[in-house]
Amino acid sequence: MLPAIELENSLTRKRERLEPAVPGRISMYVCGMTVYDDCHLGHAMSAVCFDMIRRYLEHRGFLVDYVVNFTDVDDKILARASREEVDFLTVSERFIDNYFSDMDRLNVKRATIYPRATRHIPEMLRMIGDLVDRDIAYPVDGDVYFDVTRFDDYGKLSGRKVEELLAGARIEADTRLRQPADFALWKGAKDGEPGWESPWGTGRPGWHIECSAMASRYLGQTFDIHGGGLDLLFPHHENEIAQSEAHAGVPFARYWLHNGILNFSGSKMSKSIGNVLGIKRLLKTHDPDAIRLYLLGSHYRQPQSYEDGSLERAGKSLERFVNVFDRARRLLQDSPPEERGSITESALTDAAAAAEARFHQCMSDDFNAAGALGGLFELASHLNTAMQAAEKEDPGPEGRAGLNQALSTLSSLLGVLGLRVGSGESQAAGASSEADTSLISALVDQMIQMRLQARQAKDFSRADEIRDRLARVGIELKDAPSGTTWTRRPPSAQD
RNA sequence: GGCGGCUUCGCCAAGUGGUAAGGCAACUGAUUGCAAAUCAGUCAUCGGCGGUUCGACUCCGCCAGCCGCCUCCA
């Protein structure tokens with residue numbers, strides 16, 4: 001019996017048991033990105049956190065409807081388009097493609113649907129129209145604003161009170177507004193800006209309304225989980241709730257999940273500060289699984305600080321898993337089975353069962369992937385201990401069964417976290433075509449043969465030279481009793 | 001100024017009212033021609049001060065430091 005899933009709900013600030021509105025199904029909406037530039041590690045953090053949550057829910061048997069939006073029209077996109085003298089959709093579509101290629105490499109599973117704001121203008125106009133009709137929103141000079149005093153629960157997510165917002169507003173008051181905290185549902189087009197026709201003139205949607213419109217379009221007026229970065233909690237998510245609930249009269253998202261922000265050099269990774277690490281650049285020197293492992297190494301809700309060498313350390317950790325599978329493959333294929341075994345089956349099956357139990361215990365407890373990983377490292381250790389013995393004396397038929405079972409547990413649980421180690425689909429850094437790979441393989445085997453001859457002739461300086469030279473081009477040799485193996489490492493990483 | 005959060009071994013980072021997972025690094029030993037990998041072992045009393053409690057790192061209060069949001073932001 002697996003533990004019930006509990007999660008920390010930002011809305012109630014409490015730990016709650018996850019009880020989907022429709023048994024067996026989870027409807028989940030996660031704020032994607034405004035596509036005006038490349039993705040950075042912070043975007044990856046959010047995407048990977050919610051991907052991990054989604055994968056775990058699916059692993060637990062839920063059918064997950066997973067919606068991630070693209071904000072494909074906004075000031076920054078328009079600014080870029082104007083700078084590049086292209087249509088704004090050219091810009092947004094380019095960065096959407098870019099987003100997919102980065103996220104695919106990080107093994108972020110594709111959402112059920114990726115709605116774009118520009119393709120849901122009618123839905124938004126209907127919502128805005130309704131709010132205006134009921135005087136919850138009001139038009140001003142071609143814009144439309146939401147009157148925050150007309151929604152009693154305004155501030156319930158972020159713990160703010162309307163009065164305080166009015167008093168402490170940092171922005172200069174726009175005198176056209178009923179109060180400074182009111183936010184735009186619709187923005188009238190200024191000179192030459194693209195726009196859509198509306199009852200209030202040509203314009204484009206405000207930022208928040210798209211999520212309200214698209215979430216209800218695809219998941220219903222009330223759905224289970226809404227996720228996003230903690231920095232979106234206010235005002236974005238607060239405003240989503242206000243619009244949606246004022247419009248529909250029913251609760252919007254039932255559970256709100258927020259991932260902690262990634263800090264780099266002491267402050268939030270953000271384009272405006274300029275301390276961003278682009279995913280594309282990181283992928284040049286790091287295994288995508290290492291990046292994923294790093295991002296899952298702390299609880300999703302905690303802010304995470306990126307330090308120099310963080311990804312290198314994650315890469316070393318990942319190798320621990322990689323080595324287990326390499327070693328097992330060698331062990332199981334090299335030696336013919338014998339009657340008597342060096343491994344007692346129960347030792348490994350117990351270790352595997354313990355790791356799996358701990359995995360579920362941690363993951364059920366607000367998706368504690370970091371804790372779950374700890375258990376997987378322990379299982380890796382148990383496997384190594386057993387394999388060390390098995391290299392001296394055949395594990396025997398029962399031992400082989402136990403070994404295989406523990407390996408398959410390890411690889412499938414890593415898979416639930418989206419880590420491809422041991423699944424046969426891991427992406428070695430510098431992956432190349434199949435033809436290249438087999439050519440490299442043949443060449444390296446030749447070099448290993450040459451080195452073996454040198455070693456047998458006790459010409460160790462020559463043997464070392466071969467090893468060093470291969471290391472310089474990213475081929476690392478490992479001598480084992482059963483022979484020499486090699487692995488490709490990424491070219492030396494700088495950050 | 002308002003709201004929220006954080007402070008655990010050299011670094012990253014889980015966690016619990018009953019004396020602290022894991023990874024990286026380091027140290028000792030085994031193994032190795034030497035390495036690498038691996039194994040065995042070593043390596044923290046949880047920011048400070050009070051309080052509640054039989055007992056707190058975990059609960060409460062105060063203090064200090066750091067961070068996020070309040071403007072676009074994963």
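Note: hydrogens, waters and symmetry copies are ignored here, and every other heavy atom, side chains too, is used. Keep in mind it's a predicted model, so treat the numbers as computed, not measured. Residue numbers start from 1 in every chain, and the chains themselves are labelled A, B, ... in the order their sequence lines are given, proteins ahead of strands.
Among the atoms of the strands shown, none is found under 4.0 Å from any heavy atom of A:T485. A:L376 comes within 4.0 angstrom of no nucleic acid atom, judged by non-hydrogen atoms across all strands.
Closest to the side chain of A:K76, from the set B:C72, B:C69, B:U38, is B:C72. Nearest nucleotide to the side chain of A:N259, out of B:U16, B:A37, B:A74: B:A74. Closest to the side chain of A:N384, from the set B:U38, B:C34, B:A74, is B:U38. Of all nucleotides listed (B:U38, B:G15, B:A36), B:G15 comes nearest to the side chain of A:N368. The side chain of A:D479 lies closest to B:A35, out of B:A35, B:A74, B:C24. With B:C12, B:C34, B:A40 as the choices, the nucleotide that has an atom nearest any side-chain atom of A:R455 turns out to be B:C34. Looking at the side chain of A:N263, the nearest of the listed nucleotides B:A13, B:C67, B:U38 is B:C67. The side chain of A:M45 approaches B:A74 more closely than any other nucleotide in the set B:G15, B:A74, B:C39. If you check B:A37, B:C70, B:A36 against the side chain of A:E476, the one that comes closest is B:A36.
Taking atom P in both B:C57 and B:G18, one finds a spacing of 12 Å when rounded to whole Å.
For A:E465, the side chain to side chain contact (heavy atoms under 4.5 Å, CB included) partners at least two apart in sequence or on another chain are A:R462, A:R469. Under the side chain to side chain contact (heavy atoms under 4.5 Å, CB included) criterion, A:N368 pairs with A:H299, A:C362, A:A370, not counting sequence neighbours.
Put simply, A:T385 has a side-chain N or O that comes within less than 4.0 Å of OP1 or OP2 on B:A40.
Residue A:H299 is the one, among A:H299 and A:C31, whose nearest nucleotide of RNA chain B lies closer to the 5' end (criterion: closest heavy atom).
Between the CZ atom of A:R301 and the C1' atom of B:G15 there is a distance of 17 Å, given to the nearest Å.
Remark: A:F460, A:D464 in residues 456-465 of chain A come within less than 4.0 Å of RNA chain B through at least one heavy atom.
Cation-pi geometry between A:R301 and A:F367 is not satisfied (NZ or CZ under 6.0 Å from the ring centre, within 45° of the ring normal).
You'll find a donor-acceptor pair under 3.5 Å spanning the side chain of A:R467 and the base of B:A35, going by distance alone.
Ring orientation note: the planes of A:F321 and A:F377 are close to parallel, at an angle under 30° on the 30°/60° scale.
Helical stems in RNA chain B, defined as runs of 3 or more consecutive Watson-Crick or G-U wobble pairs with donor-acceptor distances under 3.5 Å: B:1-7 with B:64-70, B:10-12 with B:22-24, B:26-30 with B:38-42, B:47-51 with B:59-63.
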Under 3.5 Å, which N/O atoms of the protein pair with N/O atoms of nucleotides 18-22 of chain B?
residue : atom : partner : partner atom : Å
B:A21   : O3'  : A:E378  : OE2          : 3.3
B:A21   : O2'  : A:R358  : NH1          : 2.8
B:A21   : O2'  : A:R358  : NH2          : 3.4
B:A21   : O2'  : A:E378  : OE2          : 3.2
B:A21   : N3   : A:R358  : NH2          : 3.1

All N/O pairs under 3.5 Å across the protein-nucleotides 3-9 of chain B interface:
residue : atom : partner : partner atom : Å
B:C3    : O2'  : A:S158  : O            : 3.4

